[in-house]
Amino acid sequence: MPELAEVEVTRRQLLPLLGLTVACAEKLSDKNLRLPLGKGDLGRLSGARLDAIDRRGKYLIWHFLGADGVPLEMVVHLGMSGKTLLDAADASPHDHLRWHWSQGATLTYRDVRRFGFVAVGDVGLGTEMTATMGPEPWDETWAAQVAAKAKKGSRSVKALLMDQSVAAGLGNIYVCEALFATGIHPETPAYKLKNKQIEALHEAVQGVLERAIAAGGSSIQDFKAAHGSPGYFQLELKVYGRAGEGCPACGEEIRAIKQQGRTTFFCARCQR
DNA sequence: GATTAGACTCGGCCTA
DNA sequence: TATTGCCGAGTCTAAA
């Protein structure tokens with residue numbers, strides 16, 4: 001559940017926990033996540049009341065008031081395959097952490113590949129961990145900030161947008177989709193982009209993410225019935241994962257290439 | 001030409 | 001073989 005849209009959907013799904021207190025938090029697995037939890041980190045959460053959950057890029061920042069009256073923070077990154085499950089209906093060998101809350105609720109952190117992590121610390125941990133991150137998609141200065149970085153380097157627009165210090169929250173799927181929506185070839189050197197193109201990219205990024213969040217949100221409604229993963233699979237992706245299919249705009253075959261070790265999907269006729 | 005800082009790419013982390 | 005992400009190591013490049 002990796003890119004900004006999925007993280008935001010996850011955040012909204014977790015809001016019912018606000019105001020609840022952690023009875024205890026436990027480790028379910030000996031295996032470390034990307035960052036190992038410090039000894040006693042989970043213990044600090046016992047008796048802590050959850051006051052807010054914020055998102056910055058793909059990071060979730062949880063604000064607690066500790067049992068001793070001192071505020072603390074928990075930072076969660078879902079990596080490639082991390083999920084947070086409220087009152088998980090099943091168990092998995094990939095369940096790593098569980099929080100037991102007042103009023104009987106439980107939250108499970110499940111992560112097959114373990115590229116994600118959970119960290120607990122003092123106030124400011126979340127800010128510290130996201131200090132070098134670029135603007136959020138709904139930041140009015142997004143285009144200006146991205147343009148400044150685009151003019152500096154020599155790399156492709158795809159690589160530029162994938163860089164979290166340039167623009168927060170974008171990943172492989174939504175970068176491919178936003179480039180398709182604006183008709184920009186993914187291998188275009190970033191410094192060649194016109195300001196108008198970057199402004200168009202900003203609009204496309206917002207549109208794609210808004211639709212993805214809406215799709216994820218609506219899929220939560222019928223989640224029980226669907227018994228499937230919300231998000232991508234219900235979202236109408238125009239090019240991502242569609243190599244060999246016809247472009248929805250012109251019918252040209254959608255191509256897949258590798259950039260920075262990641263697959264890029266695009267239409268060579270629509271994107272130049 | 002040699003040095004250096006910053007930009008950039010790539011492999012590895014994991015599992016199915 | 002593939003993969004929604006990220007970071008550190010190593011390489012490249014522009015500038016002084």
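Each chain gets a letter, A, B and so on, in the order its sequence line appears, and its residues count up from 1. Computed from heavy atoms alone, side chains included, the values below leave out hydrogens, waters and symmetry copies.
In this structure, Glu177(A) contributes its side chain and Val239(A) its backbone to a donor-acceptor pair below 3.5 Å. When atom types are taken as modelled, the side chain of Lys149(A) and the backbone of Ser165(A) share a donor-acceptor pair closer than 3.5 angstrom. Checking side-chain atoms of Arg262(A) against main-chain N and O of Met162(A) turns up no donor-acceptor pair under 3.5 Å. A donor-acceptor contact shorter than 3.5 Å links the side chain of Gln164(A) to the backbone of Gly169(A). Judged by distance alone, with hydrogens and angles left aside, the side-chain atoms of Glu3(A) form a donor-acceptor pair with the main-chain N or O of Ile173(A) at under 3.5 Å.
No hydrogens or angles considered: a donor-acceptor pair under 3.5 Å links the side chains of Thr108(A) and Arg98(A). In this model, a donor atom of one side chain and an acceptor atom of the other lie less than 3.5 Å apart for Lys258(A) and Thr263(A).
Per the geometry, CG belonging to Leu35(A) stands 9 Å off P belonging to dC7(C), to the nearest Å. The distance between atom CE of Met162(A) and atom C1' of dG5(C), rounded to the nearest whole Å, is 8 Å. Rounded to an integer number of Å, the gap from Asp111(A) CG to dG5(C) P is 13 Å. Distance Glu3(A) CD to dC6(C) C1': 13 Å, rounded to the nearest Å. Whole-Å rounding puts the Leu4(A) CG to dG5(C) P distance at 11 Å.
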Subject >> Dot-bracket encoding per residue of DNA chain B, Watson-Crick/G-U cut-off under 3.5 Å, | denoting interstrand >> reply: ..|||||||||||.||
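No more than 12 heavy atoms of other residues, nucleotides or ligands lie within 6.0 Å of CD in Gln103(A), so this atom counts as exposed by the packing criterion.
If you take atom P in dA7(B) and the same atom in dA16(C), they sit 14 Å apart, rounded to whole Å. Nucleotides dA9(C) and dC14(B) place their P atoms 16 Å apart, quoted to the nearest Å. For dG11(B) and dT1(C), the P atoms lie 14 Å apart once the distance is rounded to whole Å.
Ion pair Asp122(A)/Arg44(A) flagged as a salt bridge, since at least one NZ, NE, NH1 or NH2 atom sits closer than 4.0 Å to an Asp/Glu carboxylate oxygen.
If you walk DNA chain B from 5' to 3' and mark each nucleotide with an atom closer than 4.0 Å to a heavy atom of chain A, the marks span dA7(B) to dA16(B).
Nucleic acid contact for Gly171(A): sugar-phosphate only, since backbone atoms but no base atoms lie under 4.0 Å from a heavy atom of the residue. Within 4.0 Å of Arg34(A), counting heavy atoms only, lie sugar-phosphate atoms of the nucleic acid but no base atom. Nucleic acid contact class of Lys31(A) (heavy atoms, under 4.0 Å, all strands): sugar-phosphate only.
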